[in-house]
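Because the structure is predicted, anything quoted here is derived from the model rather than measured. Per chain, numbering begins at 1; letters A, B, ... match sequence-line order.
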Amino acid sequence: MDEPNEQRQQRIKKLEHLREAGVAPYGTRFEVKDRAGQLIKLHSEKTKGILEQEKISCTFAGRVVALRRFGKAGFAVLQDGSDRLQVYLKKDFLSEQTYKVAEQLDLGDWIGVTGVLFRTKTNEFTVEVHQLTFLSKALRPLPEKWHGLTDVETRYRQRYVDLIANPEVHQIFSTRSRIIAGIRTFLIERGFLEVETPMLHPIPGGAAAKPFVTHHNALGVDLYLRIAPELYLKRLVVGGFPRVFEINRNFRNEGISTIHNPEFTMLEFYVSYADYHDLIVLTEELVSSLAQQILGKTVIDYQGKEIRLTPPWRRWSYHQAILEVNSLDPSIFQDRDKAVMVARLLGVEVDPKWPLFNIVNEIFEETVEPNLQQPTIITDYPIEISPLARRKDSDPTLTDRFELYIAGREIANAFSELNDPLDQRERFEGQAIQREAGDEEAHLVDEDFLRALEYGMPPTAGEGIGIDRLIMLFTNQASIRDVMLFPQLRPEK
RNA sequence: GAGCCGGUAGCUCAGUCGGUAGAGCAUCGCCCUUUUAAGGCGAGGGCCCUGGGUUCGAGUCCCAGCCGGCUCACCA
């Protein structure tokens, strides 16, 4: 806690004055009839004359975010989450006690007002206040009106202040909410059922990542915060829900960066009887229709670059992309020594002891990914890095899988699901070998998941979309912290 | 984990060569009944991130640490 300071003391004194005058500094119910945004939308086009004629009365509440006082009158600006609206407080229009309350107002206080809409001399759309209800006292001063709150650390640690002081931040999180609501609607309209699966997993699975470990006292077992819901959602497909989705948190015990937070929001959905081609089309529809709905366009600006979300997007196979970007010939996919040499030549750091697929994948990530600025569907990933994906009929070394890249980042990962329980068991065993070779993130064998598959899972395609990264794109934010209300920071002090 | 940058009043920031810690906004007092970064006059407010060191003297120089940002590494 900060030490009490001058301004805080001053405000506590005012709070006591309010109490002495019989005004509750922390009041209760207030009947809000209007919202600033709505009033502005409905009436702010009207001329001074028309407003005088119509005498529209209104009642709304908000936080005082600006205060300009003169002798016996003053203007305050109230912010109510929908917008900001100026109110006019004039002694003549208020009871003596109410005017005294108005005189004591501080920036940050919450009040409710009833009054009549009018235009000032300078033609500002304003509420002439006739009744004022004090709602809540702020003891701490708001950041400065002109520069606002810019200190990044304070903005993240005290997001509540950031949201008060920076309307554009408020806007981003409101957009975030509308994007997620839009995704829900999109899926529900297409017959998907929203489900919730465990956050606490006895065996972390469904992704290659380091988990957080926790402990359940009564059961006396260690549990893991989930790294992905995938294996549970597929159990539900086995159970007979042909279209399910979940939007919820994943937790990965890894580094923090502008595109990584230890907890992040993931959408996963599964479609029975479909394959990954169907999901490519579905993803194009989802992303482009969301852009149209939320932003009103499908060609957007992201960090100074034009991104064309308009479908169809480029399709490019994993291997073709590597070859074309680097002008290589396909022999590197067969010959490890050659792959190592090419990696060195391209300035891609690899360990010569790595298996071939690892070296190739490193080349992909270093040379191809950064080039995928426009939406690109990369297809046909190697089987070694796709332990849950269905084998390709035409080439058993590849899988029926794609990833969507936009602005050089992985946005979605999807595949026709592996529903052959015997093949899945072999893949898990292959992962176990990788794990023994030192890959901490290789999958563990999940016997119950295998048992579920043995009951039979229909052919199904599934996809995961990193919601935070999608929101970064839609809100033109460079850092994932700016689309998460409370990004992870080191504890204060 | 490494490199670079930053941390000074509630907020946004100055602070010269090492020589008494500054401004604007906010706050307090007085004036002001249509302002909008309102205005005028006056006042108060500091753990200069923390701990060491150098020095007659450190916000400033040196060392260590803490917190944050960016880049890289890690994260397929």
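Heavy atoms of A:Lys90 sit under 4.0 angstrom from at least one base atom. Within 4.0 Å (heavy atoms only), A:Ile385 reaches at least one base atom of the nucleic acid. Among the protein residues, A:Gly74 comes within range of no part of the nucleic acid, since none of its heavy atoms lies under 4.0 Å from any strand. As judged by a 4.0 angstrom heavy-atom cut-off over every strand, A:Arg481 is placed among residues touching the sugar-phosphate backbone only. Residue contacts for A:Leu489: at a heavy-atom cut-off of 4.0 Å it reaches the sugar-phosphate backbone alone, with no base atom in range. Using a 4.0 Å heavy-atom cutoff across all strands shown, A:Asn358 reaches no nucleic acid atom at all. Residue contacts shown for A:Lys14 are limited to sugar-phosphate atoms, with no base heavy atom under 4.0 Å away.
Rounded to whole Å, the separation between the P atoms of B:U16 and B:G59 comes to 12 Å. Using atom C1' as the reference point in both B:C13 and B:G46, the two lie 15 Å apart (nearest Å). Across B:G24 and B:C61, the matching P atoms stand 27 Å from one another, rounded to whole Å. Taking atom P in both B:G57 and B:G40, the straight-line distance is 44 Å, to the nearest Å.
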Considering only nitrogen or oxygen atoms on both sides, find all protein atoms under 3.5 Å from nucleotides 29-32 of chain B and state each distance.
none

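Look at A:Arg8 and you won't find any side-chain N or O under 4.0 angstrom from OP1 or OP2 of B:C28. Between A:Arg490 and the phosphate of B:C67, there is a side-chain N or O to OP1/OP2 separation shorter than 4.0 Å. For the pair A:Thr154 and B:U12, the criterion of a side-chain N or O lying under 4.0 Å from OP1 or OP2 is not met.
A donor and an acceptor atom never sit less than 3.5 Å apart when one is taken from the side chain of A:Glu144 and the other from the base of B:A26. Residue A:Gln86 places a side-chain atom within donor-acceptor reach of the base of B:U35, judged by atom type and a 3.5 Å distance cut-off alone. Residue side chain A:Thr120 reaches the base of B:U35 through a donor-acceptor N/O pair under 3.5 Å, judged by distance alone.
Of the residues near RNA chain B, A:Phe118 and A:His147, the one whose nearest nucleotide (by heavy atom distance) lies more toward the 5' end is A:His147. Where A:Arg119 and A:Arg401 each meet RNA chain B at their nearest nucleotide, the meeting point lying more 5' is that of A:Arg119.
In this structure, B:G18 forms no base pair with any nucleotide, since neither Watson-Crick nor G-U wobble geometry is met with both distances under 3.5 Å. Using the Watson-Crick or G-U wobble rule with both distances under 3.5 Å, B:G45 pairs with nothing in any strand shown. Across all strands shown, B:A2 pairs with B:U71; the Watson-Crick or G-U wobble distances both stay below 3.5 Å. B:C25 is paired with B:G10 under the criterion used here, namely a Watson-Crick or G-U wobble arrangement in which both key atom distances are under 3.5 Å.
Side-chain polar atoms of A:Thr114 and A:Thr59 form a donor-acceptor pair below 3.5 angstrom. In this structure, a donor-acceptor pair under 3.5 Å is present between the side chains of A:Glu268 and A:Tyr270.
Looking at A:Lys234, A:Arg391, A:Arg390 one by one, the single match for salt bridge (charged side-chain N to carboxylate O under 4.0 Å, His left out) with A:Glu417 turns out to be A:Lys234.
For the pair A:Arg401 and A:Tyr381, the cation-pi test (distance below 6.0 Å, angle within 45°) is passed.
Using a 4.0 Å cut-off between charged nitrogen and carboxylate oxygen, A:Asp83 and A:Arg35 do not count as a salt-bridge pair. A:Arg155 and A:Asp482 are joined by a salt bridge, as a carboxylate oxygen and a charged side-chain nitrogen come within less than 4.0 angstrom of each other.
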